[in-house]
Amino acid sequence: MERQPVYILGIESSCDDTAAAVLADGKMLANVVAGQEVHRNWGGVVPELASRAHQQHIVPVVDEALRQAKISKQDLHAIAYTRGPGLLGSLLVGGSFAKGLAQGLNIPLIEVNHMQAHILAHFIDGEQAAPHFPFLCLTVSGGHTQIVRVNSPLEMEVLGETRDDAAGEAFDKVAKVLGLPYPGGPMVDQLAQLGNPHRFQFPEPKADGFDFSFSGLKTSFLYLVRDEMKKDATFMEKNMNDLCASVQHTIVQILIKKLLAAAKATHIHTLALAGGVSANKGLRSAMEDLKEKGYQVHIPPFAYCTDNAAMIAITGLFKFKEGIFASNDEGSLARFPLGS
Ligand code: KG4
Ligand code: ZN
């Protein structure tokens, strides 16, 4: 008799995207993401509005994922959900829904760490193209910036992280100074393509070891724009592309320098990228350039870079294979350190 594939439903609701995905033996059948327009006018994610929008989206998003996967909920073998880190109210919506559905279907519930899931996104759709263990992953998102030593799917160690702002936050904050809509990262990236990355220089941040710091960069960017605008009110408008290109170049250099230092110290030559900022063209091309230095470089497809539920489902599959299941009593965690 033919073996049935393992169907896992993933649910992600840690920030402002409500997402559901279905994987069959790790292959993506559906990957549905509903963004939230309600935050646009506020220049950032408003937690209370986010949890209300998750409540509205969760049922249609899960329905749509099952419809696209052409399976019914009775076919599912397990449900994986994001336990943290993230906005507590948002996490609670996805978590409560996952618990209720798993209980109703009488199938296992699997809790997932969002940061671990960003890294394991490399394993969606099979392991051929995935990085070999051990590898170093640079995880860059709106809330986190980490260099992680990945020994196996379920064994990860944080070697360095940001002391203040995350890389995505740095992009979003400079975008705000430039009057660009939230989230500003993709827009800065787009305008940077047209500008000169060497036009403006910013001081190098001071952070020990493999840690990062981005708050100083944001401040010097703000001061540069403010001071130049006093001399010429059209400065920002005239130099928009060069400002974006220069600040993007600086952020990318900070990230790559620390990643290379960690690679040298650990003698690990397999490098991977994860998180929303890995969609950035400048960062992707700087990573590609490392191939010439003898590194194996892994960059996830765009759809798996930003928040999605396929990454939650693949992490769920690794835990499913090990029989690591969660109980309904485990609460969502706004802070959830990797490896804890
Ligand atoms: O991983 P993610 O989708 O959500 C979090 O877990 O935070 O990352 C979102 C972050 C935002 O800060 C956004 O501005 C940034 O990723 N981002 C980008 C680009 N696309 C998304 N930053 C720079 N360039 C991009 N192309
Ligand atoms: Zn994320």
Side-chain angles (χ1 to χ4, degrees), residues 10-19 21 31 33-36 39-40 43-45 47 50 54 81-87 90-91 94 112-122 137-146 148 161-162 165-178 180-195 197 214 217-218 244-256 273-287 299-312 314-315 334-336 338:
I11 292 177
E12 153 64 31
S13 70
S14 65
C15 190
D16 60 341
D17 290 309
T18 318
N31 188 28
V33 183
Q36 302 183 351
H39 308 291
R40 273 210 174 266
V45 177
H54 282 303
Y81 77 100
T82 307
R83 187 179 179 200
L87 301 171
S90 294
L91 291 165
V112 170
N113 180 306
H114 181 91
M115 302 312 293
Q116 185 176 11
H118 266 304
I119 296 173
L120 294 178
H122 285 278
C137 189
L138 175 66
T139 313
V140 273
S141 74
H144 293 83
T145 304
Q146 295 182 327
V148 182
E161 59 193 328
T162 184
D165 294 346
E169 217 175 340
F171 272 105
D172 295 339
K173 284 180 177 174
V174 299
K176 199 169 181 178
V177 173
L178 296 174
L180 302 172
Y182 178 86
M187 197 77 179
V188 171
D189 190 6
Q190 204 181 321
L191 298 174
Q193 302 308 305
L194 310 168
F214 287 103
L217 173 63
K218 170 199 67 192
C244 289
S246 300
V247 80
Q248 174 163 308
H249 177 73
T250 308
I251 295 173
V252 170
Q253 289 311 306
I254 294 168
L255 294 170
I256 296 286
L273 200 56
V277 182
S278 44
N280 184 267
K281 292 187 200 73
L283 182 56
R284 291 171 88 90
S285 92
M287 286 291 287
I299 302 175
F302 272 104
Y304 301 147
C305 288
T306 46
D307 287 350
N308 65 84
M311 69 184 197
I312 305 302
I314 193 74
T315 309
R335 293 174 64 85
F336 190 4
L338 199 55

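Every number for a ligand or one of its atoms is a count from 1 in the order of the listing. Heads up: numbering here begins at 1 and tracks the sequence.
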Heavy-atom side-chain contact between Met287 and Ile256 under 4.5 Å: yes
The single option from Val277, Leu217, Thr145, Asn280 passing side chain to side chain contact (heavy atoms under 4.5 Å, CB included) against Ile251: Leu217
Heavy-atom pair of closest approach, residues His118 and Gly276: CE1-N, 4.3 Å
Ile11 and Ile312, any side-chain heavy atoms less than 4.5 Å apart: no
Flag, side chain of Asn308 to backbone of Thr306, donor-acceptor distance under 3.5 Å: yes
Polar protein atoms near the Zn ion (ligand 2) [N, O or S; cut-off under 2.8 Å]: His114 NE2, His118 NE2, Asp307 OD1
Close side-chain approach of Leu180 and Val188, heavy atoms under 4.5 Å: yes
Donor-acceptor under 3.5 Å (Asn31 side chain, Ala21 main chain): no
Backbone of Gly142 reached by a side-chain donor or acceptor of Asp172 within 3.5 Å: no
Backbone of Ser14 reached by a side-chain donor or acceptor of Ser90 within 3.5 Å: no
Using a 3.5 Å cut-off on N/O to N/O, what pairs does ligand 1 make with the protein? A line per pair would be great.
residue, atom, partner, partner atom, Å
ligand 1, 1 (O), His118, NE2, 3.2
ligand 1, 1 (O), Gly276, N, 2.9
ligand 1, 1 (O), Asp307, OD1, 3.2
ligand 1, 3 (O), Asp307, N, 3.0
ligand 1, 3 (O), Asp307, OD1, 3.4
ligand 1, 4 (O), Asp307, OD1, 3.3
ligand 1, 4 (O), Asp307, OD2, 3.1
ligand 1, 6 (O), His114, NE2, 3.3
ligand 1, 6 (O), Asp307, OD1, 3.3
ligand 1, 6 (O), Asp307, OD2, 3.4
ligand 1, 7 (O), Gly142, N, 2.7
ligand 1, 7 (O), Gly143, N, 3.4
ligand 1, 8 (O), Gly142, N, 3.4
ligand 1, 12 (O), Gly168, O, 3.3
ligand 1, 12 (O), Asp172, OD2, 2.7
ligand 1, 14 (O), Asp172, OD1, 2.6
ligand 1, 14 (O), Gly185, N, 3.3
ligand 1, 24 (N), Gly185, O, 3.4
ligand 1, 24 (N), Asn280, ND2, 2.9
ligand 1, 26 (N), Asp189, OD2, 2.9

